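Structure record follows, encoded as structure tokens.
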Amino acid sequence: MINPLIYFLLFLKASLFSTGGFSNLPSLHQDLLANGWAKESYFGQSIAIGQISPGPNGLWVISLGYFTYGIAGAALALIAITLPALVLVISAGYTRIEQRTWVQGAMHGVSLAVVGLLLSVVWTILHQPGVDWKGLLIAVGAFGLALSRKVNILIILGLAGLAGYLLYR
Amino acid sequence: MKLQDPRPSKWLLFRIWASVGLQSFGGGASTTFLIQRAFIEKHRWLSMEEFMYFWNLCVLTPGINLVALTVLIGKKLGGVWGIVVSLAGLLLPSAAITCLLAATFLQVENIAAVQAVLRGVIPATGGIMLIVGLNFALPLIRRSYKEGVLYLLASGVLMIACALAIILLKLSVIIVILGAILLGALFFSPGRGSPLPEDEEEQGEQQ
């Protein structure tokens with residue numbers, strides 16, 4: 001069923017073409033669904049579990065790896081998110097490249113693209129199975145609470161879970 | 001501020017990174033704060049200037065910025081083995097907990113109450129994700145605004161165009177990113193008379 005090498009390369013590709021913990025989602029969403037290796041609902045569930053568990057935000061892919069391919073999937077996902085950073089170790093001329101003007105323009109372009117990717121992540125999450133207009137209200141509420149920066153993320157998620165329990169039970 | 005001799009034992013390094021990882025909830029800001037407190041304030045192995053320099057390099061690195069930051073700090077404090085124990089400390093305990101939560105979820109996912117709770121939590125993560133996007137967007141918008149209205153407008157168009165290209169056109173993410181890099185190098189590079197040439201239709205999604 002799942003080809004481990006291609007599976008790993010898909011995770012690595014998503015990680016290489018991302019910055020921050022979440023912008024690898026659109027690429028994985030496209031590729032894993034196209035191969036039939038993931039269900040749509042895995043993505044929302046993985047993001048939710050990633051938010052609840054400790055560690056960098058990017059660890060949500062560990063959960064996606066586990067759902068799609070068990071412990072092996074989690075391990076391959078972990079390697080895939082670690083490898084791109086090791087580029088730093090071997091890149092010596094890095095700081096000089098940074099100075100070139102076209103690099104600054106390109107960096108601005110890629111940063112804008114990452115915001116676009118994150119918007120598509122929001123879109124994907126709000127189109128998860130089971131999200132209806134009440135769910136959208138919960139999303140708006142969570143956005144407002146997080147925007148205020150006064151409420152801890154875990155408390156927001158707890159309130160949302162409680163709202164879900166009361167609304168959908 | 002006097003820096004201490006930055007040669008901690010590998011075991012200590014592992015424990016510090018593990019505690020940073022396990023105390024991090026809800027995103028990069030809290031982790032960055034924990035790293036600063038541990039390595040700059042408590043142990044004084046790193047100066048704030050070094051930290052900022054590292055951070056700027058990490059923003060340019062693909063993948064998770066915090067992982068890159070861990071690599072740089074680990075390398076400074078312990079060479080190759082410093083990198084290995086730092087990454088292991090930051091990622092392994094937290095990843096194990098993530099796996100446990102995922103496994104537990106698979107055991108209980110068919111319980112009606114669990115599904116109801118999840119139907120509340122998932123859209124909430126969507127709202128939180130919008131904040132993550134906003135945090136990325138704000139400094140870009142601020143910088144663009146300084147360059148002029150046209151620059152700001154073009155930045156906004158490219159941002160939205162990338163989102164629509166993935167959502168509606170279902171374009172491959174790599175194509176979108178490479179396209180944004182190309183357009184950025186062409187139109188957003190400083191040091192030209194005007195930040196934008198007149199013919200904007202090359203951006204495609206304008207009409």
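Just so it is clear: chains get the letters A, B, ... in the order the sequence lines come, proteins before strands, and each one is counted from 1. Here the structure is a predicted model, which is why all the values come from computation and not from measurement.
Counting heavy-atom pairs under 4.5 Å between each of Ile52(A), Thr19(A), Leu83(A), Asn152(A) and chain B puts Thr19(A) at the top. Contact count versus chain B (heavy atoms, under 4.5 Å) is highest, among Gly164(A), Ala74(A), Pro129(A), Gly105(A), for Gly105(A). Per-residue heavy-atom pair counts under 4.5 Å with chain A were compared for Gly63(B), Ala68(B), Gly126(B), and the maximum is reached by Gly63(B). Ranked by non-hydrogen atom pairs under 4.5 Å with chain B, the options Gly44(A), Gly65(A), Ala77(A) are led by Gly44(A). Note on Ile141(B), Leu140(B), Leu182(B), Val176(B): by heavy-atom pairs under 4.5 Å with chain A, the leading option is Leu140(B). If you tally non-hydrogen atom pairs under 4.5 Å between each of Leu164(B), Val71(B), Leu92(B) and chain A, the highest count goes to Val71(B). Heavy-atom pairs under 4.5 Å with chain B peak, among Gly20(A), Ser15(A), Gly141(A), Ser23(A), at Gly20(A). Interface remark: of the candidates Leu178(B), Val80(B), Ile166(B), Ile166(B) forms the most heavy-atom pairs closer than 4.5 Å to chain A. Ranking Ser155(B), Cys99(B), Pro139(B) against chain A, the residue ahead of the rest is Ser155(B), based on heavy-atom pairs under 4.5 Å. Contacts with chain A were tallied for Asn135(B), Leu100(B), Thr70(B); Asn135(B) has the most, counting heavy-atom pairs under 4.5 Å.
Residue contact with chain B, scored on non-hydrogen atoms closer than 4.5 Å, involves the backbone and the side chain of Ile81(A) alike. Interface remark: Lys13(A) contributes side-chain atoms only to the contact with chain B (heavy atom separation under 4.5 Å). Proximity to chain A is limited to the side chain of Glu109(B), based on heavy atoms less than 4.5 angstrom apart. No part of Ala112(B) comes within reach of chain A, as not one of its non-hydrogen atoms sits under 4.5 angstrom from that chain. Both the backbone and the side chain of Phe136(B) come within less than 4.5 Å of a heavy atom in chain A. At a 4.5 Å heavy-atom cutoff, the contact between Phe17(A) and chain B is made by backbone and side-chain atoms alike. Heavy atoms closer than 4.5 Å to chain A are found in the side chain of Leu87(B), but not in its backbone. Contact annotation for Ile131(B): both backbone and side-chain heavy atoms come within less than 4.5 Å of a heavy atom of chain A. For Ala163(A), no part lies under 4.5 angstrom from a heavy atom of chain B. Only the side chain of Val114(A) comes within less than 4.5 Å of a heavy atom in chain B; its backbone stays farther off. Proximity to chain B involves both the backbone and the side chain of Leu147(A), based on heavy atoms less than 4.5 angstrom apart.
Contact check for Leu126(A) versus Pro123(B): side-chain heavy atoms found under the 4.5 Å cut-off. Taking the side chain as every heavy atom from C-beta outward, Leu119(A) and Leu130(B) approach each other to under 4.5 Å. No side-chain heavy atom of Ile47(A) sits under 4.5 Å from any side-chain heavy atom of Ile122(B). Residues Ile128(B) and Leu157(A) are in side-chain contact: their nearest non-hydrogen atoms beyond the backbone lie under 4.5 Å apart. You'll find the side chain of Pro56(A) reaches within 4.5 Å of the side chain of Leu90(B), heavy atoms only. Residues Leu134(B) and Phe143(A) have side chains in contact (heavy-atom distance under 4.5 Å, counting atoms from C-beta outward). A heavy-atom distance below 4.5 Å is not found between the side chains of Val173(B) and Asn24(A).
Between the CG atom of Leu78(A) and the OG atom of Ser94(B) there is a distance of 10.5 Å, given to the nearest 0.5 Å. Atoms CE and CG, on Met129(B) and Leu25(A) in that order, are 7.5 Å from each other to the nearest 0.5 Å. Atom CD1 in Ile167(B) sits 10.0 Å away from atom CG in Leu117(A) (nearest 0.5 Å). To the nearest 0.5 Å, the span separating CG on Asp31(A) from OG on Ser172(B) amounts to 7.5 Å. Note: Thr125(B) OG1 to Ile125(A) CD1 = 4.0 Å, rounded to the nearest 0.5 Å. Here the CG atom belonging to Leu66(B) is positioned 10.0 Å from the CG atom belonging to Leu59(A), to the nearest 0.5 angstrom.
Listed here is the closest heavy atom pair of Ser53(A) and Thr98(B): OG-OG1, 3.2 Å. Pro84(A) and Thr61(B) get closest at one heavy-atom pair: O-CG2, 4.0 Å. Of all the heavy atoms in Phe67(A) and Ala102(B), the pair that sits closest is CE2-O, 3.6 Å. In this structure, Ile64(B) and Gly21(A) approach most closely via the heavy-atom pair CG1-CA, 4.2 Å. Annotation for Gly120(B) and Tyr168(A): closest pair N-CE1, 4.5 Å, computed over non-hydrogen atoms. When every heavy atom of Cys162(B) is checked against every heavy atom of Gly116(A), the shortest pair comes out as CB-CA, 4.2 Å.
Using cut-offs of 30° and 60° on the angle between ring planes, the pair His108(A) and Phe188(B) is perpendicular.
When atom types are taken as modelled, the side chain of Arg119(B) and the backbone of Gly130(A) share a donor-acceptor pair closer than 3.5 angstrom. Between the side chain of Gln30(A) and the main chain of Leu171(B), a donor-acceptor pair closer than 3.5 Å is present.
Checked options Ile160(B), Leu183(B), Leu158(B); the residue passing with Leu112(A) is Leu158(B) (criterion: side chain to side chain contact (heavy atoms under 4.5 Å, CB included)).
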